[in-house]
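Notes for the one structure printed next.
This structure is a prediction, so every number in the text was calculated from the model and none was measured. For this chain, numbers begin at 1 and follow the sequence in order. As a basis for the values below, the full set of heavy atoms in this structure was taken, side chains included, without hydrogen atoms, waters or symmetry mates.
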Amino acid sequence: RGWAMADGDGWLLALQHHHLALDHVSLERVIDEVGRLMRGEGDALPKAEPFRTFIGRLEQDGTARRAAETYFSAELGDVDEPTAPFGVMDVRANGWQACEIRRTIAPSLGRRVRAAAVRHGVSAAAIYHLAWGRVLGACCGRDDVVYGTVLSGQQQDGESTALGMYINTLPLRVRLNLSASAALQATHAGLGALLRHEQASLALAQRCSGVDGTLPLFTTLLNYRHSRPENSSASVPGVKLLGAEERTNYPITLSVEDVGTDGFALTALSVPDMPGARLLGYMSQALEGLVEALESGGQTPTDRIPVLTASQRREVIDDFNATTVPYPSDLLVHELFQAQAARTPDALAVRAEEGQWSYAQLEAYSNRIAHRLRALGVQPDDR
């Protein structure tokens, strides 16, 4: 969709696309081809093949499908509960309410991440995946989590010239009841295994789990991607990228931008009920805690790595529990209740499935029980 600028000096172009038709790699190819056409190099463009040809090469005799089914059955067969932070289960939304927030990782921490990756023989991506797993574990109260990770989908067929959706999302299981170093190696191995099945169907993977088919296996995504710091349209003369926006149907999506050297940035897309700023704070804290654990030998249990800063921990443990109020300590509990019933007899005291009771009603019912117990000979301190 294009508009001529009011001053006649150029055009504005809005490009909207769905991942069912186009992904990040294909979009860059389109932009590159536009640039080559504008430079008069159209005759040198390779002939594009239909996307169905790429899919056909992957399917072939069904061997890849059977291998993927075997792997995901072994990996997810005993997972019987969705990983859904804060109990949010809706993965069918259109993402229009998603809130986006971005945070740059401090260069000093970025350098430590890369150094830890080299020291432990893994990729920086594995460290970020494990840190995100720790955040989800804290938000779900679990030491074994599953979430979606985004794969480029072109490892098996890097020569394809088709435009289409190569990108794929597959479930990664992260076990947190291990030491930091052991969990990191397991996460690294899990990512490597997914690359061997990167075009497997997500529906197939979910069917291989023990989660009821009416429920999602996971409700969060992590997209770790290598990004170029320069404008992706820089190769097109006279074209300037003004802005870009992404949406997803998942309640939480965390994107990690790896821009090389010591540069990393985090972007959170989340539903309003789960503030992205807080989630990014959890991720930054978990990442720093994980790096510290790896630097000190890697024996710290992963599920003990903090996701709260010191001030947040004080807020949760101390401030939220600061419920002490002065009361007449010389009265017994039932006497305190009697006094409250006398002050506010019609106020709501209890609501339950069976109904609700005012203070006056509850006082009357409890008195009946007390008199019945006395008639049976029950004395103070009897059990």
Could you pull out the closest heavy-atom pair between [X] and [Y], with the gap in Å?
X: A200; Y: L170; value: O-CD2, 3.6 Å
X: L172; Y: G190; value: CD1-C, 3.9 Å
X: A84; Y: T219; value: CA-OG1, 3.4 Å
X: L176; Y: G137; value: CD1-CA, 3.9 Å
X: H120; Y: Q185; value: O-NE2, 2.8 Å
X: V146; Y: F218; value: O-CB, 3.3 Å

Listed by chain and number, what are the side chain to side chain contact (heavy atoms under 4.5 Å, CB included) partners of [X], not counting sequence neighbours?
X: R351; answer: L348, Q356
X: A44; answer: R36
X: Q285; answer: P306, T309

I want to check something: taking the side chain as every heavy atom from C-beta on, are F264 and D258 in contact at a cut-off of under 4.5 Å?
yes
A side-chain contact here means heavy atoms from C-beta on lying under 4.5 Å apart; do I105 and S284 qualify?
yes
Does [X], at its [atom1] atom, have more than 12 non-hydrogen atoms belonging to other residues, nucleotides or ligands within less than 6.0 Å?
X: R304; atom1: CZ; value: no
X: D382; atom1: CG; value: yes
X: R225; atom1: CZ; value: yes

How would you list, by chain and number, every residue that makes a side chain to side chain donor-acceptor pair (under 3.5 Å) with Y71, sequence neighbours excluded?
none
Calculate, to the nearest 0.5 Å, the distance between atoms [atom1] and [atom2] belonging to [X] and [Y] respectively.
X: L136; Y: T220; atom1: CG; atom2: OG1; value: 4.5 Å
X: N223; Y: L254; atom1: CG; atom2: CG; value: 9.0 Å
X: S73; Y: D78; atom1: OG; atom2: CG; value: 11.0 Å
X: R314; Y: I317; atom1: CZ; atom2: CD1; value: 11.5 Å
X: E295; Y: T300; atom1: CD; atom2: OG1; value: 11.0 Å
X: D32; Y: E41; atom1: CG; atom2: CD; value: 9.0 Å

Donor-acceptor pair, side chain of [X] and main chain of [Y], under 3.5 angstrom:
X: R383; Y: D381; value: yes
X: N168; Y: E198; value: yes
X: S209; Y: Q206; value: yes

Side-chain donor-acceptor distances from residues 328-339 under 3.5 Å, at least two apart:
{"from": "E335", "atom 1": "OE1", "to": "L332", "atom 2": "N", "distance (Å)": "2.8"}

Test side chain to side chain donor-acceptor pair (under 3.5 Å), reference R173, set T187, T83, D144, output is D144
Output side-chain donor-acceptor pairs under 3.5 Å for residues 124-134, partner residues at least two apart or in another chain, one line each.
{"from": "H129", "atom 1": "ND1", "to": "A125", "atom 2": "O", "distance (Å)": "2.7"}
{"from": "H129", "atom 1": "NE2", "to": "T149", "atom 2": "OG1", "distance (Å)": "2.8"}
{"from": "R134", "atom 1": "NE", "to": "T302", "atom 2": "O", "distance (Å)": "3.4"}
{"from": "R134", "atom 1": "NE", "to": "I305", "atom 2": "O", "distance (Å)": "2.6"}
{"from": "R134", "atom 1": "NH2", "to": "D303", "atom 2": "O", "distance (Å)": "3.2"}
{"from": "R134", "atom 1": "NH2", "to": "I305", "atom 2": "O", "distance (Å)": "3.0"}

Is it true that [X] and [Y] fall in one hydrophobic cluster, defined by side-chain heavy atoms closer than 4.5 Å?
X: V256; Y: V118; result: no
X: V378; Y: Y365; result: no
X: Y282; Y: L109; result: yes
X: L37; Y: L27; result: no
X: L269; Y: V150; result: no

Between T344 and Q340, does a side-chain hydrogen bond (donor to acceptor under 3.5 Å, both in side chains) hold up when you go through it step by step?
CA-CA 6 Å; T344 58; Q340 182 65 37; 2.9 Å; yes
For the pair R175 and E75, find out whether any cationic side-chain nitrogen is under 4.0 Å from an anionic carboxylate oxygen.
yes
Could you walk me through whether V316 and R313 satisfy the side-chain contact (heavy atoms from CB on, under 4.5 Å) test, starting with their C-alpha distance in whole Å, then the side-chain angles of each, then the deciding distance to 0.1 Å, before giving a yes or no?
CA-CA 5 Å; V316 171; R313 184 174 177 81; 5.9 Å; no
